[in-house]
Amino acid sequence: MDSVIEDIRVRKILDSRGNPTLEVDVITWNGFGRAAAPSGASTGVREVVSFPTGGVDGIIEEVEDIISAELIGMDAEDLQEIDLVLKEIDGTENLSAIGGNTTVAVSMAVAKAAAASYNLPLYRFLGGNMPSALPFPLGNMINGGAHAGKNAPDIQEFLVLPVGADNITEAVFTNVAVHRRIREKIAAKDPLFTGGKGDEGGWAPNLTNQEALEIQATSCAEISDETGVLVKPCLDMAASEFWDADAEKYVYAKEGVKRNTGEQVDYVNDIINTYGMFYVEDPIREGDFSGFSELTQKAGKNALICGDDLFVTNAEILAEGIEKSAGNSIIIKPNQIGTLSDTYATVNLARTNQYVPVVSHRSGETTDETIAHLAVAWSCPIIKTGAVGGERIAKLNELIRIEEEMSNPEMAEIKW
Ligand SMILES: C=C(OP(=O)(O)O)C(=O)O
Ligand SMILES: [Mg+2]
């Protein structure tokens, strides 16, 4: 009774790039949940469709009525059933009728309303009896590729992971210390650097990939020494973005270098060994399971080889990856698959096969903090959600609050 849905509101709001997105309110007899959908710039081709043709404006008039007609009167606790109804309302394989961003915002708002109906925080409602592990924050330091201007590096994200942090506060402030140090080093190298940032709050400098790698590595080493908290360099290469399908080469425009798949595998393996990379996401283009598998064989003991565009949070595609030993980690973005139930199924499959699940933001975000709760509830040991910027710190600060609330908090164990 407490969690029976009484009303649903859908509105158009801004995301961090200034694009429209959807926010959904779900009101139950004794609770309220609000969630908003993010959006990607370097999206995987097998993701569900965010919005149908016409975007948010094309659906905003009718979608509230369509969803309300089915969901009002249902119990928000029955999340799996509600997710099935959402998929039925859409009626397509890839959620292209009402959009995966619509379904995911409703799905998350329903879960939050159910939790609120019983006065529970979302991480406890979903995670059961008192989860106590906090994820390590994978913080974005330098932006390139589709997330920055044309003079920035080809590699999309230079990230860091404070693996030596004892608690979440120490972890997020260590990341910020590296972020500041990196700015100083960029400015020392390029007197014209304006301090401009990319979509996820990392610096957007006029540097080659090589220069950015050096600055990232030395900043990590210096901050590790100064703070005593070991912080490791990581990357999201988003390699599909610079794969030339006709030439069958990875095109590094900044350096004027082209690499075939074998050369790309060797290049990434060298980077992992040279800089002690802890984590490399999408080092190989989407669809190339064998390239992923070759790199995982070479480097997978030393580093996490993570699939984002490769897996698109889809359990069926992950199953194919597991069978082919492609990667040892997976990015988890709820709006790539469209509902919380399907997101959870993918996390579960990953965990039972020793793939490290990394809950992630999108490059276009809102101040919605839901993913912080998902990472804790589902024991995902890493969360990728930037280091600075209002829409990024919304999640990081929520983790600080969650840690404060726990009776015996500890940092998660990252093992594979
Ligand atoms: C967060 C990412 O970017 P986007 O949201 O643009 O896919 C990513 O590629 O991991
Ligand atoms: Mg990615």
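We count ligands from 1, going down the list as the structure has it; atoms in each ligand are counted the same way.
Under a cut-off of 6.0 angstrom, the local environment of CD in E323 is sparse, with at most 12 non-hydrogen atoms contributed by other residues, nucleotides or ligands.
Among the atoms of A41, some N or O lies under 3.5 angstrom from an N or O of ligand 1.
Of the charged side-chain nitrogens involved, none lies within less than 4.0 Å of a carboxylate oxygen, so that E365 and R362 do not count as a salt-bridged pair. Ion pairing between a basic and an acidic side chain is recognised when a charged N comes within 4.0 Å of a carboxylate O; R34 and E23 show such pairing. No salt bridge links D266 with R259; every basic N to acidic carboxylate O contact stays at or beyond 4.0 Å. Using a 4.0 Å cut-off between charged nitrogen and carboxylate oxygen, R401 and E404 do not count as a salt-bridge pair. Using a cutoff of 4.0 Å between basic side-chain nitrogens and carboxylate oxygens, D244 and K258 are not scored as salt-bridged.
By the 6.0 Å and 45° rule, R285 does not stack over the aromatic ring of Y250.
Aromatic ring centres of F136 and F278: separated by at least 6.0 Å.
Interface atoms of ligand 1 facing E157, defined by a heavy-atom separation under 4.0 Å, are 2 (C), 8 (C), 9 (O), 10 (O). Numbered from 1 in the order shown, with element, the atoms of ligand 1 that lie under 4.0 Å from a heavy atom of E200 read 1 (C), 2 (C), 3 (O). Heavy-atom contacts of D236 reach the following atoms of ligand 1: 8 (C), 9 (O), 10 (O) (cutoff under 4.0 Å). Under a 4.0 Å criterion applied to the non-hydrogen atoms of K384, ligand 1 contributes the atoms 8 (C), 10 (O). Interface atoms of ligand 1 facing H361, defined by a heavy-atom separation under 4.0 Å, are 1 (C).
Counting only heavy atoms of the protein, atom 4 (P) of ligand 1 lies nearest to S363 OG, 3.4 Å. Of all protein heavy atoms, the one closest to atom 3 (O) of ligand 1 is H147 CE1, 3.0 Å. At the shortest separation from atom 9 (O) of ligand 1 among protein heavy atoms lies Q156 NE2, 3.0 Å.
The closest approach between any non-hydrogen atom of D308 and ligand 1 is below 4.0 Å. Within the 4.0 Å heavy-atom cutoff, A238 does not count among the residues contacting ligand 1.
Partner H361 forms a side-chain hydrogen bond (donor to acceptor under 3.5 Å, both in side chains) with one of K333, K395, R392 and no other, that one being R392.
When distances from the Mg ion (ligand 2) to the N, O or S atoms of E281 are compared, OE2 comes out shortest.
The heavy atom nearest to atom 8 (C) of ligand 1, out of those in K333, R362, E365, is found in K333.
Contact annotation: for D282 versus ligand 1, there are no heavy atoms closer than 4.0 Å.
Across all non-hydrogen atoms, the minimal contact from L134 to L399 is CD1-O, 3.9 Å.
In summary, an N, O or S atom of D236 is located under 2.8 Å from the Mg ion (ligand 2). Among the backbone and side-chain atoms of D308, an N/O/S atom is found under 2.8 Å from the Mg ion (ligand 2).
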